[in-house]
Amino acid sequence: MIDVINSPVTVLRGIGQKRAELLAKLNIHTCGDLISYFPRGYLNMSEVNPIDQIQNGQIATVVAKISSDVSKRTGKRVTRYMFSVSDPKGNTIFVVLYNQTYTANRLHPGMTVLLHGPVSVIGCVRRMESPKIKIEGVPEIEAVYPLTEGVTGASLSRNIATALEACKSQLKEMLLPEIRKQADLPERTEAFRMIHFPKNMEEAERAKRRFIFEELFLFTVGVRILKLRLRKQNAFPLQPMDLTPFLKQIPFPFTNAQKRVIRECFDDIRRPWPMSRLVQGDVGSGKTAIAAAVAYLTAKNGKQTALMVPTEILALQHYESLSALLSPCGVKVELLTGSMRATQKRDILLRLEAGETDLVIGTHTLIQKNVKFHNLAVAIADEQHRFGVQQRAAIQEKGENPHMLFLSATPIPRSLGLVLYGDLDISVLDELPPGRIPVATRKVGTDMEDRLYGYVRDRALAGEQAYVVCPTVEGSDEIKSAVDFCEKLQSTHLRGVSVACLHGRMKSEEKERILTEFLQNRISVLVSTTVIEVGVNVPNATTMVIENAERFGLSQLHQLRGRVGRGKRASYCFVVSDDSGEEATERLNAFCKTNDGFEISRRDLELRGPGDFLGNRQHGLPPFRIADLARDMKILEQVSQIADKLFEDPSWFILPENRTLFVASSEMLRSATLQ
Ligand code: ADP
Ligand code: MG
């Protein structure tokens, strides 16, 4: 028996090469694609419009009696049929059909018909041209599909019906009856019928829910199996050590959240399988210290740690703060970046391979081929959302199943986290170090520029520092650019103040120099692009000005704001914008209102939807056909709960009935990582 589901659509009756090419434009290639081409909505014929309330231009659905003979006018190319329909109150519509001889011949006065189409109203004459017309067996609702030229809804429906019939006996259920029962879902084959040819709206909704559930379930199961596999690998268990020398170097007591998370990490790395943990903490919650503690313990076990960060600026900064902390306790820390001179690099690589280095901090250079470790036991990725699945895998391959720790300042809503990070254990740093005063955020227009930069100047003269962020580097008239705006400030409001510009197009030595000077408070005001978005930590900076703030997303604004409020002094964030559009206003107002990263994240997801929210971060989400993570959170929660229960029972994995499920789910996972 041939595998119809995976066969090209041409095996179906009524589909030839030409038709197949048209369908290919809709990304439909196999019979399976065809039946999984889900409707984007439904036309609800049961919602009938009263004739006397129809407005000019309205697309209306009318059920009425034919109240005249059907007149026919034959022209050269077209044949026109005209008749009228009336409701019991005598309200009438004139109907015109073109060339529909077959239909027209079956019409006769007194017959009830259903019409759907645009109505023109001129004076008191209503007219409907070329409506959809149903004479008998009128279904209550009809699926509506995204179409392309040459493929009509009716023809696509016919193709789908043929495909469904052909595939029917081969469609495999992958949700066992008890799961379907728990989640109240229809059986699969029946659900295909219901989603394409529902008898009523309720059927359509139920079927849709089933397929959303199925997609999310497959992905969830795949991710969890991945996690179980991880547990089967051998990793090097790292023993607890006396932390006193390390704690002596830390200039502050840990917060309770930090203590808890460090304990969770230490518990993980004692085990003989690799840790795979994500630490989520709002900006400024003190994630670096977690990395430091883990690196310390690893070094004292005689093993190596790699800390991978997304930018050179951040690498440099971590190198400076971590070596200050760890060198006094005998941990050897090194920096490795792409812009280093070759000879310098070679020495570092040699020391790394010889095992003389305990902790190496670097950008993606760390995953290059020539980088070899002596005994890498722990790999940490800071600001992990900046790294793709491949890069994470690459650093992992530098050791033998090293323990993996991911740090993230982008708190994502719980349910989205379940999908994105289902293969990770999650720790939440839900406490900021004491004494922090929340950053006060204000929205201002460019008409306030004088006062705003007068304030920045005053703070600078009082010894505090400020960031000014612009959306572009250079040469734009409409929006502020870092280079031009920096020059302007230097010659106007901030004359006499030490101002410098920083952006991604500078040479890295130049960037390093400027950042170091800013750290040492030799530069008071840093005018920059979003290069300072992640991780930069200068506690003496108390003012953040974001120019053309309407250009930034909520989460990005929050990251930028996180650069201030890191010390004990009150900090301000000013978002400058003249955009009075509804969308921008709503976003900026929401931003001013809350400082809570999780709340910001939730709003951002809501406003932008998961695609844009995750943006070009390489998120490793599969291309869902029907599920929508922003909309389907509730179903996702249910999927997770059910999966939790199933995974408690090991016998579930050996059920032969589950084979289809496992195959489908590993396929889905593959499509996610290949994206
Ligand atoms: P993030 O979570 O954004 O990476 P950092 O690790 O950069 O945060 O820490 C932000 C600032 O808070 C740093 O200046 C750091 O020294 C300080 N810090 C971290 N933990 C504590 C603590 N427990 N008490 C006081 N200050 C802390
Ligand atoms: Mg950080």
Side-chain angles (χ1 to χ4, degrees), residues 243 246-265 277-296 307-326 359 361-363 380-387 405-412 426-439 464-465 467 515 518-521 530-542 544 555-569 571 573 595-598 600-601:
L243 288 183
F246 170 69
L247 293 175
K248 269 196 191 142
Q249 293 301 322
I250 298 263
F252 43 72
F254 281 130
T255 62
N256 286 326
Q258 281 171 318
K259 284 185 202 155
R260 188 188 69 235
V261 173
I262 290 174
R263 207 176 316 120
E264 284 166 344
C265 293
R277 182 168 290 279
L278 172 72
V279 175
Q280 278 192 349
D282 208 345
V283 282
S285 57
K287 292 182 290 294
T288 317
I290 311 280
V294 170
Y296 176 81
L307 172 59
M308 185 162 74
V309 302
T311 64
E312 293 211 350
I313 288 182
L314 199 51
L316 177 76
Q317 183 189 288
H318 276 352
Y319 172 69
E320 281 176 355
S321 61
L322 290 177
S323 50
L325 209 62
L326 294 172
L359 167 63
I361 300 165
T363 52
I380 307 174
D382 192 16
E383 306 296 341
Q384 68 87 35
H385 63 274
R386 292 291 185 111
F387 297 104
L405 179 62
F406 306 102
L407 308 178
S408 174
T410 310
I412 55 163
I426 299 185
S427 294
V428 183
L429 265 184
D430 49 5
E431 186 185 350
L432 291 179
R436 295 273 170 83
I437 307 166
V439 181
E464 292 174 28
Q465 291 166 279
Y467 299 93
L515 202 73
F518 189 63
L519 264 164
Q520 295 163 343
N521 199 2
T530 52
V531 285
I532 55 113
E533 178 189 337
V534 289
V536 173
N537 182 36
V538 180
N540 189 49
T542 53
M544 165 64 69
S555 297
Q556 201 175 16
L557 289 169
H558 185 63
Q559 286 287 332
L560 289 169
R561 176 168 59 189
R563 296 312 110 215
V564 296
R566 299 188 147 240
K568 290 222 157 64
R569 258 171 299 188
S571 296
C573 173
N595 255 310
D596 176 342
F598 277 89
I600 294 259
S601 209

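Counting starts at 1 for both ligands and their atoms, in listed order. Since we're looking at a predicted model, the values are computed, not measured.
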For ligand 1, the portion of [X] having any non-hydrogen atom under 4.0 Å away:
X	answer
Ala409	neither
Phe254	backbone
Asn537	side chain
Lys287	both
Arg436	side chain

- Task: Scan side-chain atoms only and decide if Glu312 and Thr363 contain a donor-acceptor pair under the 3.5 Å cut-off.
- Result: no

- Starting from the C-alpha separation in whole Å, work towards a yes-or-no answer on salt bridge (charged side-chain N to carboxylate O under 4.0 Å, His left out) for Asp282 and Lys287. CA-CA 9 Å; Asp282 208 345; Lys287 292 182 290 294; over 6 Å; no

- Message: For ligand 1, which is the ligand I care about here, please tell me if Gly284 has any N or O atom under 3.5 Å from one of the ligand's N or O atoms.
- Response: yes

- Item | Polar contact flag for Gly286 and ligand 1 (N/O pairs, less than 3.5 Å) | yes

- Any Ser285 heavy atom less than 4.0 Å from ligand 1: yes

- Message: With a 4.0 Å cut-off on heavy atoms, is Pro253 in contact with ligand 1?
- Response: yes

- Task: Please report the C-alpha distance between Leu247 and Phe254 in whole Å, then the side-chain angles of each, then the deciding distance to 0.1 Å, and finally whether the side chain to side chain contact (heavy atoms under 4.5 Å, CB included) criterion is met.
- Result: CA-CA 9 Å; Leu247 293 175; Phe254 281 130; 3.6 Å; yes

Measure from the side-chain N and O atoms of [X] to the backbone N and O of [Y], and report whether any donor-acceptor pair falls under 3.5 Å.
X	Y	value
Gln258	Leu429	no
Arg563	Pro539	no
Gln465	Phe518	yes
Ser571	Gly565	yes

Check ligand 1 against [X] and write out every atom of the ligand that is under 4.0 Å from a heavy-atom position of the residue.
X	result
Thr255	23 (N)
Val283	3 (O)
Thr288	4 (O), 5 (P), 6 (O), 7 (O)

- Task: Going by the side chain to side chain donor-acceptor pair (under 3.5 Å) test, name the single residue among Arg569, Glu464, Arg566 that passes it with Asn540.
- Result: Arg569

- Who gets closest to atom 10 (C) of ligand 1 by heavy atom: Lys259, Gln317, Gln280, Arg566? Arg566

- Item | Option set Pro539, Gly565, Pro433, criterion heavy-atom distance to atom 25 (C) of ligand 1, minimum | Pro433

- For side chain to side chain contact (heavy atoms under 4.5 Å, CB included), just list the numbers for Ile290 and Thr288, CA-CA rounded to whole Å, side-chain angles, deciding distance to a tenth of an Å, and then say yes or no. CA-CA 5 Å; Ile290 311 280; Thr288 317; over 6 Å; no

